[in-house]
Amino acid sequence: MKFDLLFYARPAIELAPDLIGKIIVRRIRQKVFRARIVETEAYVGSHDLACHASKGRTNRTEVMFGPAGRAYVYLIYGVYDMFNIVASEIDDPQAVLIRAAEPLDGWSADLAGPGKLTRGLLITRAQNGVILTNDRLHIVDDPADRRQVVATPRIGIDYAREWKHELLRFVDPTSNALSSKKGLTGAALR
DNA sequence: GCGTCGATGGCA
DNA sequence: GCCATCGACGCG
């Protein structure tokens, strides 16, 4: 079942782990591609030094200040688009970065990383601001999913001082499609 | 299997 | 002058 906007209207630190095991549905020219989310990160507001909104309200971050359930897509390193889902409520800029997923239904693609995921699902800045209840791009539940969730520090934010240690990355440790094994230990690596 | 490095463009 | 990245390359 497609999630409605209320599903997204809560703190990113709650939404991010809950999105593990959920399914991205992407429709491209009448074809439907589905992928199971296995890695996310929470960006928890203006006070979070790793959150783009900590630098203030700008053209780029405008979407994050709006209502929950919209896509925040931006370009990084001049090369890759990053797909986020806006969380929380108006004027509280929180978002969840979707970092990795496993293709379903026998479709094969490498979605093990935020840049590879957007490339594989054809998500670009053209989707910035779209409401995620539309038929072309949305998230559905998988009631049968046996998800496991482990929290680790976020990737690629060494500049964020004390925030770089916060356990705001969430992964399904049993997945083979993670962007990195950082933060996983012992049994989780087998 | 590691570490290092360059590409590439929008943003402040 | 940075980056919420990726893949190529060199090592030995």
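Chain naming here is simple, since letters A, B, ... match the order of the sequence lines and numbering starts at 1 in each.
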Inset, instruction - May I have the distance from A/Leu49 (atom CG) to B/dA12 (atom P), rounded to whole angstrom? - result: 17 Å
Inset, instruction - Name the residue closer to the 5' end of DNA chain C, choosing between A/Asp110 and A/Gly156 according to the nucleotide with the nearest heavy atom. - result: A/Gly156
Inset, instruction - Side chain of A/Asn84 only, please: which of C/dC3, C/dG7, C/dA4 is the nearest? - result: C/dA4
Legend entry - Atom-to-atom span, CG of A/Asp81 to P of B/dG10 - whole angstrom: 11 Å
Inset, instruction - Could you check whether A/Leu97 gets within reach of a base, just the sugar-phosphate, or nothing at all, counting any heavy atom under 4.0 Å? - result: base
Inset, instruction - Verify whether the ring centers belonging to A/His52 and A/Tyr43 lie closer than 6.0 Å. - result: no
Inset, instruction - Give the nucleotide from the list C/dC6, C/dT5, B/dA12 with an atom nearest to the side chain of A/Lys116. - result: C/dC6
Inset, instruction - Mind calculating the distance between OH (A/Tyr74) and P (B/dT8) to the nearest angstrom? - result: 20 Å
Inset, instruction - To the nearest Å, give me how far apart CG (A/Asn128) and P (B/dG10) are. - result: 14 Å
Inset, instruction - Return no unless some side-chain N or O of A/Arg119 is found under 4.0 Å from OP1 or OP2 of C/dT5. - result: no
Legend entry - Between C/dA4 (C1') and A/Met82 (CE): distance, integer Å: 7 Å
Inset, instruction - Please tell me which of the listed nucleotides, B/dT8, C/dA4, C/dC6, lies nearest to the side chain of A/Val79? - result: B/dT8
Inset, instruction - Report which part of the nucleic acid A/Arg125 touches: base, sugar-phosphate, or nothing (heavy-atom distance under 4.0 Å, all strands). - result: sugar-phosphate
Inset, instruction - Locate the shortest heavy-atom distance separating A/Pro114 from A/Ser179; write the atom from each residue and the value. - result: CD-CB, 4.5 Å
Inset, instruction - Give A/Lys55 one of three labels, base, sugar-phosphate or nothing, depending on what nucleic acid heavy atoms sit under 4.0 Å from its own. - result: nothing
Inset, instruction - Answer yes or no for A/Arg26 and A/Phe33: cation-pi contact, defined as NZ/CZ to six-membered ring centre under 6.0 Å and angle to ring axis within 45°. - result: no
Inset, instruction - Kindly confirm or rule out a cation-pi arrangement of A/Arg70 over A/Tyr8, judged by NZ or CZ under 6.0 Å from the six-membered ring centre and within 45° of its axis? - result: no
Legend entry - Short side-chain N/O contact from A/Tyr80 to OP1 or OP2 of B/dG9, under 4.0 Å: no
Legend entry - Is_stacked (A/Tyr43, C/dA4) at 5.5 Å, 30 deg: yes
Inset, instruction - Whole angstrom is fine here: how far is it from OH in A/Tyr159 over to P in C/dC3? - result: 7 Å
Inset, instruction - Please determine, for B/dT4, whether a Watson-Crick or G-U wobble partner exists with both distances under 3.5 Å, and give it or none. - result: C/dA8
Inset, instruction - Report the nucleotide, chosen from C/dG7, B/dA12, C/dT5, that has the shortest atom-to-atom distance to any side-chain atom of A/Thr58. - result: B/dA12
Legend entry - Separation of atom CZ in A/Arg99 from atom P in C/dA4, rounded to whole Å: 11 Å
Legend entry - Minimum heavy-atom distance between A/Arg146 and A/Arg36, given as atom pair plus value: O-NH2, 4.4 Å
Inset, instruction - Using whole Å, report how far CG of A/Leu75 lies from P of C/dC3. - result: 15 Å
